[in-house]
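Indexing begins at 1, ligand by ligand and atom by atom, following the structure's order. Sequence positions, counted from 1, serve as the residue numbers for this chain.
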Amino acid sequence: MWETCSYMGVVIGEEMFRRYLSIFSRSNRTHYVPEVIVEASGSKVRSASGKYFLDLSSSGATMIVGYNHPKVVEAVCSQARRVLHYTYMYGMNFPALELGEKLLEITGVEDGKILYGLSGSDASESALMLVKAWSGNDLIVSFEGDFHGVFDLSASSSCIDLERQVCEAVNCGKAVACLPYPDPYRCPFGDVDDCGREAVKFMKAFVDELVEKRVQPAAFIVEPLQGDSGIVVPSEGFLREVKKQAERVNAPVIVDEIQTGLGRTGKWFAYQYDGIEPDLVLLGKPLGGGLPLSAVVGKAEIMDSLPTMSLAFTLSGNPVACSAGLATIRVIEEEGLVERAAYLGYKALKELRDFARKHPLVGDVRGKGLMIGVDLVKDPETKERAVDEAKKVVYRAYQLGVLVLSVNGNVLRIQPPINISEELLMEGINILEQAIEDVENGAVGDEALKVVVGW
Ligand SMILES: Cc1ncc(COP(=O)(O)O)c(C=O)c1O
């Protein structure tokens, strides 16, 4: 299963995997396929063993305009030649300002201000600290299945099993209420006519109680379309209701666009589907064009609610990362990629839904734009998650030349660069379908489970 080769004096294969496991903390990573990526361009990557793969994952939904887009590379190189870093914390640089002004423009946050960080998790953490300071309140209202980050407040407001385990172990902040998220496929209210209506009813009753007890939350935080719990698209209008209920208790709404932002879902930001104006927007993943960069964009009075330097990171606002981010946004604008993501998403969803009708392993296909989930189930009636089967599909797709990730155990996560050609996208999807069919037919053995760990 492991092919061995040597690259720049390093032996690739089981030996490399063993060395990885021996030095890197398991808390820091997981594993999907036994390859070392050494070059990439557009939607394709080349591994040290000389194989090419079509990447339907954009490296964890980061490489939104593809790998090594010439304009992004040029922006990085020309900035790097001038100055790699002079800390924005103590000084000024042009790319940080230009990108910041652009983010205010595209998010539409009025009277907005920005802070930069290095990862989605620190953006969530910073935003949650700001709303607590601004409001003087503790309670954070979040939603089942939301993932916001791995630190104290961001982990405790992530209503998923993994972060619950973490919070149990390290005693994270406890003042979080996880309300039901209207997942139309696995509705938390069971077999009801309208999952969205039930979720709104629940949220309204919860807020009624807060009003009665005179409890004001620090904020509501929400993923407009859940990523890591399995690409869950909420019932239409849900975000509007979140905003409405939050307003009843004067609580700001933080929309986590770390995975959905910058055109991925067919709008610049997924909250635009519901026409709301968030108080704070979280950005990360594709923001730095592949370099570490995150941002919180929000109302000035909230953004300035903590003292000078209290949320400063020495390497944030790095001019090279900001140049890469700015170039990425320009490419999205110039190439009309937001509309393109919507168009390609429509095509891909149609193809996958047609395929699903004939394949009982596929319980559901859902998504918006180029953020698509394929939910594999052991039985379409019980909807039991087909976790081993999902790992086998990931492995088989890899053997056939396509990289795809799984989340929440059983959901295949399709998030290619949004400038992928239609032909290549359809080719990748057809290969993925072949992989699903092969697993259904029992053609993929259990050895795949030793390689694909996933999460
Ligand atoms: C919606 C969302 N919020 C926050 C995060 C955390 O971002 P990071 O991994 O960059 O810390 C992620 C990462 O997957 C995410 O998808």
Distance-only N or O hit between ligand 1 and Gly120, under 3.5 Å = yes

Using the six-membered ring wherever Trp is involved, compare the ring planes of Phe147 and Trp455 and label them parallel, tilted or perpendicular (cut-offs 30° and 60°).
-> perpendicular

Could you tell me whether Glu389 and Lys392 make a salt bridge, using a distance below 4.0 angstrom between a side-chain N and a carboxylate O?
-> no

Note: heavy atom closest to atom 4 (C) of ligand 1, options Gln226, Gln259, Glu223, His148, belongs to His148

of all protein heavy atoms, closest to atom 3 (N) of ligand 1 is Asp256 OD2, 2.7 Å

Any nitrogen or oxygen of Lys285, main chain or side chain, under 3.5 Å from a nitrogen or oxygen of ligand 1?
-> yes

Indicate the atoms forming the closest heavy-atom contact of Glu257 with Val281, along with that distance.
-> CG-CG1, 3.9 Å

Do Lys201 and Asp194 sit within salt-bridge range, that is, some charged N less than 4.0 Å from a carboxylate O?
-> no

Answer yes or no: does an N/O atom from Phe147 fall short of 3.5 Å to an N/O atom of ligand 1?
-> yes

Give the numbers and elements of all ligand 1 atoms closer than 4.0 Å to a heavy atom of Ser121.
-> 6 (C), 7 (O), 8 (P), 11 (O)

At a non-hydrogen distance cut-off of under 4.0 Å, which region of Asp228 contacts ligand 1 (side chain, backbone, both, or neither)?
-> side chain

Under 4.0 Å from any heavy atom of Ser119, which atoms of ligand 1 are there?
-> 10 (O), 11 (O)

With a 4.0 Å cut-off, would you call Glu433 and Arg353 a salt bridge?
-> no

Any side-chain heavy atom of Ser126 sitting closer than 4.5 Å to one from Ser294?
-> no

